[in-house]
Structures are given as C-alpha cells and as structure tokens.
Amino acid sequence: MAVYFWGSKGGTLFGNPAPVISESPDYRGCIVTPEVVHIGDKADGWRESLKYCEDQEMKLISFPNADHQKQIYETINKIKDDSLRRVWIGMRRSSLTGEWYWLSKEPVNSTNWAEGEPGTGKEGQCAIMRADSSTDFGWSDEDCCSDARPVCHSPPILFRPE
C-alpha cells in the first residue's frame, strides 16, 4: 500500500493511504485513465482506416518501443475473432527517402518485421501487422489500398506527481 506523507509529530509519521488508481500494471507507470485499443470491424485501405480511427477520436496505433508492442500484442491476442488476420498500424514508408516512420512522429527504434520484410518501395508503402501470435505479430509492407482492419489507439493518462 502506498502512503501519501503528510507530516510527523514526536517522531511519528502521519499520512493517508493512497487511492487505488489502476489495478492493471503498466510499464509506463500509474494509470489514471487506461489506454484504449479498438480494432475496427471493417477491412479497408490504409487511408480509410486512418480516417476511421480519427472519426473514433483515436489514432492508428504507433508503438515505437518493444514494451508497448508486447502490451498491444497481448491485448490483440485476447480477442477471439477468427476473421482477424491482418491489421493496419500507424507506420508508413516515406516516398522521398524510403525510410519508415511512425505517424506519432516518435523515432523508429524497435521493429517487428517478419522474415524477409520490409521489401522494396514497390512492394508497399504502408505497414501491416499479422494479428496472430503464431506469426509473432510480424509486420510487413503492403500496398496501402489493400484491405485490413485498423488498430485504433487512445493513449493512457498517467499519474504524474509534481
């Protein structure tokens, strides 16, 4: 149990128990409002999926670090939907440089490309993820007009004491 420290008197510490804010452990800290991961019902192109997430007041998911990737994979793994094969993620290849970037503008530090991926720019400009733990949720580049379901995301609000 955490205790907020309020003071001491005569060598005795006084305080109150901290309220439980989140019962789910998160590698980022104490969650006040949990993150939301929503998989769209309709398979569509990457641009349409991006708009779908924005219409839900969310973003196509960007997960630039391995801990967040693992957490999202565990969330997707809990979904029991046999039709869920491939999903769009918020990563694209730059048409100018050929480099991959996250829509969130965070650096591309940790990736999970499937074997032989990504291919050349002619093979695809958008990143798609296999929604299957047997494939280790591997990513591949895909034609942005291909159909897949979007993974929409709203980040958590973390408790940050001042």
Side-chain angles (χ1 to χ4, degrees), residues 21-160:
I21 296 175
S22 173
E23 294 181 11
S24 301
D26 191 286
Y27 74 95
R28 293 167 287 200
C30 188
I31 302 288
V32 176
T33 303
E35 74 182 336
V36 177
V37 177
H38 169 72
I39 298 177
D41 294 329
K42 182 181 177 200
D44 217 334
W46 192 86
R47 286 188 191 277
E48 293 82 5
S49 293
L50 181 66
K51 182 173 181 342
Y52 173 84
C53 290
E54 289 171 353
D55 290 347
Q56 307 303 309
E57 298 183 3
M58 302 172 92
K59 303 229 183 259
L60 203 53
I61 192 161
S62 295
F63 39 30
N65 71 58
D67 288 332
H68 195 207
Q69 291 167 16
K70 181 181 176 194
Q71 188 166 317
I72 296 301
Y73 299 157
E74 289 171 1
T75 300
I76 291 172
N77 207 27
K78 291 176 187 172
I79 298 170
K80 304 297 181 207
D81 183 345
D82 292 336
S83 71
L84 188 62
R85 302 267 188 255
R86 303 177 328 151
V87 293
W88 289 120
I89 59 176
M91 181 184 256
R92 277 196 60 133
R93 185 191 321 251
S94 168
S95 298
L96 296 174
T97 66
E99 297 294 315
W100 289 92
Y101 66 92
W102 288 111
L103 294 179
S104 65
K105 299 186 179 13
E106 295 175 85
V108 178
N109 294 327
S110 178
T111 60
N112 190 30
W113 295 111
E115 190 171 331
E117 298 290 348
T120 67
K122 293 177 184 176
E123 294 176 274
Q125 297 289 316
C126 295
I128 206 162
M129 181 178 77
R130 291 180 183 95
D132 180 353
S133 60
S134 69
T135 62
D136 293 327
F137 298 97
W139 307 350
S140 58
D141 55 342
E142 185 71 40
D143 179 331
C144 301
C145 295
S146 297
D147 288 342
R149 291 166 59 184
V151 178
C152 304
H153 179 258
S154 178
I157 297 174
L158 302 173
F159 177 69
R160 304 237 191 243

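Just so you know, these numbers use all the heavy atoms, side chains as well, and skip hydrogens, waters and symmetry mates.
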Between [X] and [Y], is any pair of side-chain heavy atoms under 4.5 Å apart?
{"X": "Ile72", "Y": "Val37", "answer": "yes"}
{"X": "Tyr73", "Y": "Met129", "answer": "yes"}
{"X": "His153", "Y": "Lys59", "answer": "no"}
{"X": "Glu57", "Y": "Ser154", "answer": "no"}
{"X": "Leu103", "Y": "Leu50", "answer": "yes"}
{"X": "Arg47", "Y": "Cys144", "answer": "no"}
{"X": "Trp100", "Y": "Asp141", "answer": "yes"}
{"X": "Gln69", "Y": "Asn65", "answer": "no"}

Measure across [X] and [Y] and return the closest heavy-atom pair with its distance rounded to 0.1 Å.
{"X": "Phe137", "Y": "Trp139", "value": "O-CD1, 3.2 Å"}
{"X": "Pro150", "Y": "Cys53", "value": "CB-SG, 3.9 Å"}
{"X": "Asp41", "Y": "Arg149", "value": "O-NE, 3.8 Å"}
{"X": "Ala131", "Y": "Ile76", "value": "CB-CG2, 4.1 Å"}
{"X": "Tyr52", "Y": "Gly40", "value": "CE2-CA, 3.7 Å"}
{"X": "Glu117", "Y": "Ser140", "value": "CD-CB, 3.3 Å"}

Nearest 0.5 Å please: distance from the [atom1] atom of [X] over to the [atom2] atom of [Y].
{"X": "Met91", "Y": "Leu60", "atom1": "CE", "atom2": "CG", "result": "11.5 Å"}
{"X": "Ser146", "Y": "Asp44", "atom1": "OG", "atom2": "CG", "result": "11.0 Å"}
{"X": "Trp113", "Y": "Asp136", "atom1": "CH2", "atom2": "CG", "result": "15.5 Å"}
{"X": "His38", "Y": "Ile61", "atom1": "NE2", "atom2": "CD1", "result": "12.5 Å"}

Discussion item. Apply side chain to side chain contact (heavy atoms under 4.5 Å, CB included) to residues Ser62 and Tyr101 and explain how you reach the verdict.
Written reply: CA-CA 9 Å; Ser62 295; Tyr101 66 92; over 6 Å; no
Discussion item. Check the orientation of Phe63 and Trp102. Use parallel for under 30°, tilted for 30 to 60°, and perpendicular for over 60°.
Written reply: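 Perpendicular, since the angle between the ring planes exceeds 60°.
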Is it the case that the side chain of [X] and the backbone of [Y] share a donor-acceptor pair, with hydrogens and angles ignored and the cut-off at 3.5 Å?
{"X": "Thr97", "Y": "Ser94", "result": "no"}
{"X": "Glu74", "Y": "Gln71", "result": "no"}
{"X": "Arg93", "Y": "Ala127", "result": "no"}

Worksheet entry | Any residue meeting salt bridge (charged side-chain N to carboxylate O under 4.0 Å, His left out) with Arg92, in chain and number order, not counting sequence neighbours |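 Partners of Arg92 by the salt bridge (charged side-chain N to carboxylate O under 4.0 Å, His left out) criterion come out as none, since no residue qualifies.
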Worksheet item: Does a side-chain N-to-carboxylate-O contact under 4.0 Å join Glu142 and Arg86?
Response: yes
